[in-house]
Protein chains: 2
Amino acid sequence: MAKQQDICEIKSVDQAKVKAVKKAMLSDKDVYGLSETFGVLSDTTRLKIIYALSKEELCVCDIAGILGSSISAVSHQLRILRNMRLVKFRKEAKRVYYSLDDAHINKLFNEGLKHVRE
Amino acid sequence: MAKQQDICEIKSVDQAKVKAVKKAMLSDKDVYGLSETFGVLSDTTRLKIIYALSKEELCVCDIAGILGSSISAVSHQLRILRNMRLVKFRKEAKRVYYSLDDAHINKLFNEGLKHVRE
DNA sequence: ACTATACTTGAACAATCGTTCAAGTATCAA
DNA sequence: TTGATACTTGAACGATTGTTCAAGTATAGT
């Protein structure tokens with residue numbers, strides 16, 4: 001007993017099916033990439049930031065104003081988007097202006113929106 | 001002082017921009033729906049389940065065998081997919097066979113894969 | 001009735017996440 | 001140099017997540 005709940009002991013499993021699907025399974029790299037990509041898009045703050053930046057280039061304070069959240073919270077999320085190269089920025093005097101750097105993410109975003117709205 | 005880090009106090013913000021983007025902002029419903037949809041796709045276990053079921057109808061033990069994870073873990077994730085109506089199931093004797101119930105999610109999945117692989 | 005298989009489910013747990021708070025840097029104006 | 005604005009960042013915090021563990025239900029065979 002001990003570990004009856006552990007990894008499936010394969011007693012009455014369709015071995016042929018399992019082998020076939022296992023062989024066709026996505027690579028770890030693909031799976032990890034997918035979870036990362038969809039993960040950025042799974043937070044409401046980040047979604048709003050991406051949507052706002054798809055409309056216009058904005059400074060951090062503008063974004064915070066639009067979202068109604070703190071500058072710090074926005075800045076933390078912008079760092080995540082920066083690290084994933086989804087946004088780029090330019091400095092102008094005291095301000096930092098952000099804009100979308102990845103057109104593809106917009107396509108994914110809109111595909112998601114279609115799914116949600118239908 | 002006190003709350004200088006709180007919600008942006010809007011001192012030197014481009015009010016016109018902010019107002020315009022705010023007005024064009026997604027509805028709460030859309031944003032929540034998007035985060036939910038992308039959220040399901042942000043976990044590696046669920047991604048693998050969805051991918052496996054896109055190939056073939058499978059029982060829980062088969063899925064666990066394919067993923068190399070416990071039956072319990074798979075069952076918990078299947079419940080989430082069930083609740084979101086992404087998978088359907090049928091009972092046959094002792095087994096429960098799952099299959100994809102949402103063609104659109106596959107489209108999103110493949111769109112994501114394109115983004116990851118390019 | 002008893003045992004085994006095939007799941008499901010709730011509780012507990014560690015890990016991850018997003019926010020706030022507080023402190024820091026950078027730029028500019030007086 | 002002092003002070004204000006615009007942002008960044010690390011630490012701390014509570015909340016959420018995914019897994020395991022243990023116990024439960026359901027079906028079938030003996």
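The figures here come from the full heavy-atom set of this structure, side chains too, leaving out hydrogens, waters and symmetry mates. Order of the sequence lines sets the chain letters (A, B, ...), proteins ahead of strands, with each chain counted from 1.
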Within residues 74-81 of chain B, which residues have any heavy atom lying less than 4.0 Å from an atom of DNA chain D? B/H76, B/Q77
In this structure, how many angstroms lie between the C1' atom of C/dG24 and the CD1 atom of A/I71, rounded? 15 Å
Assigning hydrophobic clusters by single linkage (Ile, Leu, Val, Met, Phe, Trp, Tyr; side-chain heavy-atom cutoff under 4.5 Å), is B/I80 placed with B/I50? yes
Rounded to whole Å, please give me the gap between CD1 in A/I49 and C1' in D/dC7. 14 Å
Any non-hydrogen side-chain atom of B/L34 less than 4.5 Å from a side-chain atom of B/L26? yes
What nucleotide among D/dT27, D/dT19, D/dC7 has an atom nearest to a side-chain atom of B/K94? D/dT27
Respond yes when some side-chain nitrogen or oxygen of B/R82 is under 4.0 Å from OP1 or OP2 of C/dT8, and no when none is. yes
Base, sugar-phosphate alone, or nothing: which one does B/A93 contact when heavy atoms must sit under 4.0 Å apart? sugar-phosphate
Roughly, in whole Å, what's the span from CZ in A/R90 to C1' in C/dA26? 17 Å
Between B/E111 and B/K114, does any side-chain N to carboxylate O distance fall below 4.0 Å? yes
Under 4.5 Å between any side-chain heavy atoms of B/V116 and A/K29, yes or no? no
Measure from CG on A/L67 to P on C/dG18 and round the result to the nearest Å. 14 Å
In this structure, how many angstroms lie between the C1' atom of D/dT17 and the CE atom of B/M84, rounded? 15 Å
Determine which pairs satisfy salt bridge (Lys or Arg N to Asp or Glu O under 4.0 Å) with at least one residue from residues 43-56 of chain B, sequence neighbours left out, and list them in order. none
Separation of B/E92 atom CD from C/dC7 atom C1', in whole Å? 15 Å
Whole-Å gap separating P (D/dT16) and OH (B/Y32): 10 Å
Please work out which of the three classes, parallel, tilted or perpendicular, describes the rings of B/Y98 and B/F89, given edges at 30° and 60°. tilted
Candidates D/dT19, D/dC7, D/dT9 - which lies nearest the side chain of A/S72: D/dT9
Remember a base hit wins even if backbone is also touched, and classify B/F89 as base, sugar-phosphate or nothing at under 4.0 Å, heavy atoms. nothing
I want to verify a distance call: between D/dT20, D/dG10, C/dC7, whose nearest atom is closest to the B/C61 side chain? C/dC7
Most 5' of A/K91 and A/T44 on DNA chain C, judged by nearest nucleotide: A/T44
Using atom CZ of A/F38 as one end and atom P of D/dT17 as the other, report the distance to the nearest whole Å. 18 Å
Using a strict threshold of under 4.0 Å (side-chain N to carboxylate O), is an ion pair present between A/D30 and B/R117? yes
Look at the side chain of A/R46 and decide which nucleotide, out of C/dT8, C/dG18, C/dT20, has an atom nearest to it. C/dG18
